[in-house]
Amino acid sequence: MASATSWEIIESFAAALRNHAALNEWAQAEYAQPLRILQGINMANLPREEDCPLIALVPESGKFGRITEHAATIRVVLAVNDDRFVDDVLEGLKLLATDFGSLTLQALQDGEDGFYIGEVADLYELSDFPLLYREFQITITSSTCIGGNEL
């Protein structure tokens, strides 16, 4: 795979998420509304409770040039509005840790463009309760090509 810009990766990821039947069916079944996919975040108008469930894709960093491997880091933010407790378990947090997270990663892996997902760092954020967040920092790597041959 040739190197791609962070924005090309985000566009590919957004399409993969929108087209992943199991992920979208899960969002509809669990929250009775469609999954919202954002390409970027407007910091002056942050997502609200009624925008959830949502996934936001944000470029973070890149490593390009005369190197053997290009890399781009994309932040993937999952958010739910869920204050339910079931048997003393915060249901929204559980869903972020299980179904929502795993379906999201599967959708990205299954994407048409075949980007190689390398390292995935994971972070949970509870500061805006009942909005619950899970963030993945996903590093996409590709080998540098000379002509038609990879190094």
Side-chain angles (χ1 to χ4, degrees), residues 1-65 67 69-142:
M1 174 198 75
S3 72
T5 67
S6 295
W7 200 253
E8 289 169 330
I9 294 168
I10 284 174
E11 289 174 332
S12 173
F13 277 7
L17 293 166
R18 284 187 187 99
N19 294 326
H20 198 267
L23 175 61
N24 287 283
E25 289 167 8
W26 173 86
Q28 189 67 45
E30 194 62 46
Y31 292 102
Q33 62 184 47
L35 178 63
R36 186 165 181 203
I37 310 295
L38 302 177
Q39 291 176 235
I41 293 179
N42 180 348
M43 298 305 288
N45 186 18
L46 292 171
R48 302 164 308 216
E49 293 174 14
E50 57 269 17
D51 296 324
C52 294
L54 72 82
I55 300 174
L57 305 166
V58 182
E60 279 211 335
S61 66
K63 185 174 77 168
F64 304 96
I67 53 179
E69 186 173 78
H70 293 166
T73 301
I74 306 298
R75 182 177 299 222
V76 179
V77 181
L78 287 61
V80 296
N81 173 24
D82 197 333
D83 61 359
R84 298 174 290 162
F85 272 86
V86 177
D87 296 327
D88 294 330
V89 174
L90 182 55
E91 193 66 13
L93 190 57
K94 176 184 173 187
L95 291 172
L96 284 171
T98 58
D99 300 345
F100 198 9
S102 62
L103 284 168
T104 299
L105 290 174
Q106 188 62 54
L108 298 178
Q109 288 284 23
D110 291 347
E112 297 176 8
D113 293 330
F115 291 115
Y116 176 73
I117 295 178
E119 180 178 321
V120 178
D122 198 357
L123 172 70
Y124 291 89
E125 180 64 52
L126 307 176
S127 62
D128 295 325
F129 189 80
L131 285 179
L132 305 172
Y133 300 96
R134 182 179 186 185
E135 295 182 16
F136 296 119
Q137 289 176 315
I138 298 178
T139 301
I140 312 304
T141 59
S142 64

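Remember, predicted model here, so these are calculated numbers, not experimental data.
Side chain of N24 to main chain of R18: a donor-acceptor pair is present (N/O by atom type, distance under 3.5 Å, no hydrogens or angles). When atom types are taken as modelled, the side chain of S12 and the backbone of E8 share no donor-acceptor pair closer than 3.5 angstrom.
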Stepwise side chain to side chain contact (heavy atoms under 4.5 Å, CB included) test for L35 and L23: CA-CA 8 Å; L35 178 63; L23 175 61; 3.7 Å; yes

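Looking at F13 and I117, their side chains come closer than 4.5 Å, going by heavy atoms from C-beta outward. Put simply, the side chain of D128 does not reach to within 4.5 Å of the side chain of L46, judged on heavy atoms. At a threshold of 4.5 Å between non-hydrogen side-chain atoms, the residues L78 and F136 count as touching.
Under the 3.5 Å distance criterion, with hydrogens and angles disregarded, no donor-acceptor pair is assigned to the side chains of Y31 and N81.
We find the CG-CG distance between L57 and L108 to be 7.5 Å, quoted to the nearest 0.5 Å. Rounded to the nearest 0.5 angstrom, E135 CD and R75 CZ are separated by 4.5 Å. Distance check, rounded to the nearest 0.5 Å: CG of L93 to CG of D83 gives 13.0 Å. Note: I55 CD1 to L17 CG = 4.5 Å, rounded to the nearest 0.5 Å. Once rounded to the nearest 0.5 Å, the distance linking CZ of R134 with CG of L95 reads 11.0 Å. Summarising the geometry, atom CD belonging to E30 is positioned 11.0 Å from atom CG belonging to L103; distances are rounded to the nearest 0.5 Å.
Of all non-hydrogen atoms in L132 and D82, the two that sit nearest each other are CD1-O, 3.4 Å. Contact detail for Q28 and Q33: the closest heavy-atom pair is OE1-C, 3.2 Å. Listed here is the closest heavy atom pair of P47 and L54: CB-CD2, 3.4 Å. Closest non-hydrogen pair, S6 versus A72, comes out as OG-CB, 3.8 Å. The nearest pair of heavy atoms linking W7 to G40 is CH2-N, 4.5 Å. Taking both residues in full, the closest heavy atoms of T139 and A71 are given as CG2-CB, 4.1 Å, listed atom of the first, atom of the second, then distance.
Every residue meeting the side chain to side chain donor-acceptor pair (under 3.5 Å) condition with R36, not counting sequence neighbours, appears here in chain and number order: D51.
Each of I138, V58, V120, I10 was checked for a side chain to side chain contact (heavy atoms under 4.5 Å, CB included) with V76, and the lone residue meeting it is I138.
Here salt bridge (charged side-chain N to carboxylate O under 4.0 Å, His left out) pairs that include residues 85-103, with residues two or more places apart or in two chains, number zero. Within the structure, the ring-ring contact (aromatic ring centres under 6.0 Å, His included) test picks out the following pairs touching residues 81-101 (sequence neighbours left out): W26-F100.
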